[in-house]
Amino acid sequence: MNYSELKPFPTDFLWGGSTSAYQIEGAWNEDGKGPSVIDMSNHTQGIADYKVASNHYHHYKEDVKLLAEMGLKAYRFSVAWTRIYPDGDGEVNEKGIDFYDNLIDELISYGIEPILTMYHFDLPFALEKNGGWSDRKTIDAFEQYAKTLFNHFGDRVKYWLTINEQNMIILHGESIGTSSQHDENKQADLYQQNHHMLVAQAKAMALCHNMLPEAKIGPAPNIATIYPTTSKPEDVLAADTYSNIRNWLYLDVAVYGTYNPIAWAYLEEKGYTPTIKEGDMETLKKSKPDFIAFNYYTSQTVGESLNDESDYSHTGDQHEIVGEPGAYRGSVNDNLRKTEFGWEIDPVGFRTVLRELYSRYHLPLIVTENGLGAFDKLEEGDIINDTYRIDYIQQHLQQIQLAITDGIKVFGYCPWSAIDLVSTHQGSSKRYGFIYVNREENNLKDLRRIRKQSFYWYKKVIETNGKVLNEV
Ligand code: BG6
């Protein structure tokens, strides 16, 4: 729908930026931090690991100062579970608490709202050794961890995110490095892990509401709109099937406390249904999020399954592998351009996702990731001319404004990433930040922070509360 006039962004809109602990902090074994599954996973030779990353652990003051200069109203970061509980549970590591206390205080001193993700891919390795999410004990460990976070930071943190991209952990754990297996039937094991995470999340949400009545908490999945490859009814149906498996399975449980029927039928057909213990469904029903946070990078396109291996569209990463024999067939969308890393760029699909989410769940929305990974070039005079990133973000923000005009409640936007960091599996040269970090894959150089063109542009967007977005 076209409008003669657009509604403005709300005056209290949370213009933000986003990062995650293991991708930005470094200091992987300092001050008592324990190893996580990411620290212990096999690392591709030749690309940056997470040992130093952007060394934010030692640069956080300088980093926050830059974020404040850019005008951020909110900063979404994650806490490394292994800094707080080096062994996943048991003894608290006070130095880990101190780090996040200082980071939060620093943000607040500049008037930046902290948005805290409790768990972003980096499960403590000590828990993984004992079965990880396949073992129900990890639910208790997460609840204990959540309690500690609420206790220590709840006086200052109003916005909480439970688990980052649980759906990607289940569907694409191998490409992002979280995949684990504790049973012969890998897929069934994954959906058992999924169930335990959903229960853990519900418990954390209930705890949050009990301990911090003023705070707000929500899940943070990755949501993509799913297109049918043609208007053939079978293709349209396949797109709906995939959307239920990829998107709504996770959010229906979080919001309504029930398993999505189409996703459940898929689990039954494949033999992947999880064991649900007495009391689990009550736990899931008892808590409800206050908002939905979600990450959006691209849309996906599928058609009717041909029921063989050719259903897989291609082998790539979390945003490229699509297809499953018997369910839906992966396809590409010829209407869309791609990033240098092969991800389709679809700002209009973003507006569709915002509409779909709000129509299904009637909860306020916040975008916790959206951005463009690219090989930025540092030119003489410390110039990084990332106009492609400005284009990407501008087009996506314009779609948010259209969605707001559609009547969708969106209260914040935290693009990925506030500062350059190390990608999930493509190293440090796949950059997303507004601020350049001067390092190469295997050469840490001076880790100097340099403002990119997009830094100055985003600053102006924030200063004008989005008005510049529509200036020609
Ligand atoms: C999301 C993750 O999947 O996408 C981030 O939450 C990740 O951790 C981001 O970095 C971009 O993906 P990648 O693979 O390019 O780092």
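Counting starts at 1 for both ligands and their atoms, in listed order.
Each of the following atoms of ligand 1 lies closer than 4.0 Å to a heavy atom of Asn164: 6 (O). Short contacts between ligand 1 and Gln23, defined as distances under 4.0 Å to a heavy atom of the residue, involve ligand atoms 5 (C), 7 (C), 8 (O), 10 (O). Set against the non-hydrogen atoms of Ser423, the atoms of ligand 1 under 4.0 Å away are 13 (P), 14 (O), 15 (O), 16 (O). Residue contact check: His425 has heavy atoms under 4.0 Å from atoms 14 (O) of ligand 1.
The aromatic rings of Trp15 and Tyr458 sit perpendicular, their planes meeting at an angle over 60°, well past the 30° parallel limit.
For ligand 1, the polar-atom distance check against Ser20 finds no nitrogen or oxygen pair separated by under 3.5 Å. In terms of polar-atom proximity, defined here as any N/O pair under 3.5 Å, Tyr22 makes no such contact with ligand 1. For the pair Gln426 and ligand 1, the shortest N or O to N or O distance does not fall below 3.5 Å.
Using a 4.0 angstrom heavy-atom cutoff, Asn222 does not count as in contact with ligand 1. Contact between Met168 and ligand 1 is absent, with no heavy atom of the residue lying under 4.0 Å from the ligand.
Contacts between Phe341 and ligand 1 below 4.0 angstrom, taking non-hydrogen atoms only, are absent altogether. When heavy-atom distances to ligand 1 are checked against a 4.0 Å cut-off, Leu421 has no atom that comes that close, whether in backbone or side chain.
In summary, of the residues considered (Gln201, His196, Lys203), a side chain to side chain contact (heavy atoms under 4.5 Å, CB included) with Val199 occurs for Lys203 alone.
Looking at Trp416, Trp343, Tyr297, it is Trp343 that brings a heavy atom closest to atom 12 (O) of ligand 1.
Between the side chains of Thr229 and Ser331, at least one donor N or O lies within less than 3.5 Å of an accepting N or O.
Contact check on Lys33 versus Asp39 returns a salt bridge, with a Lys/Arg side-chain nitrogen under 4.0 Å from an Asp/Glu carboxylate oxygen. Look at Arg439 and Asp420 and you find no salt bridge, because none of the NZ, NE, NH1 or NH2 atoms lies under 4.0 Å from a carboxylate O. Taking the charged nitrogens against the carboxylate oxygens, Arg451 and Glu69 do have a contact shorter than 4.0 Å, which makes a salt bridge. Salt bridge annotation for Glu369-Arg76: present, with a cationic side-chain nitrogen under 4.0 angstrom from a carboxylate oxygen.
Between Pro347 and Tyr392, every side-chain heavy-atom pair lies at or beyond the 4.5 Å cut-off.
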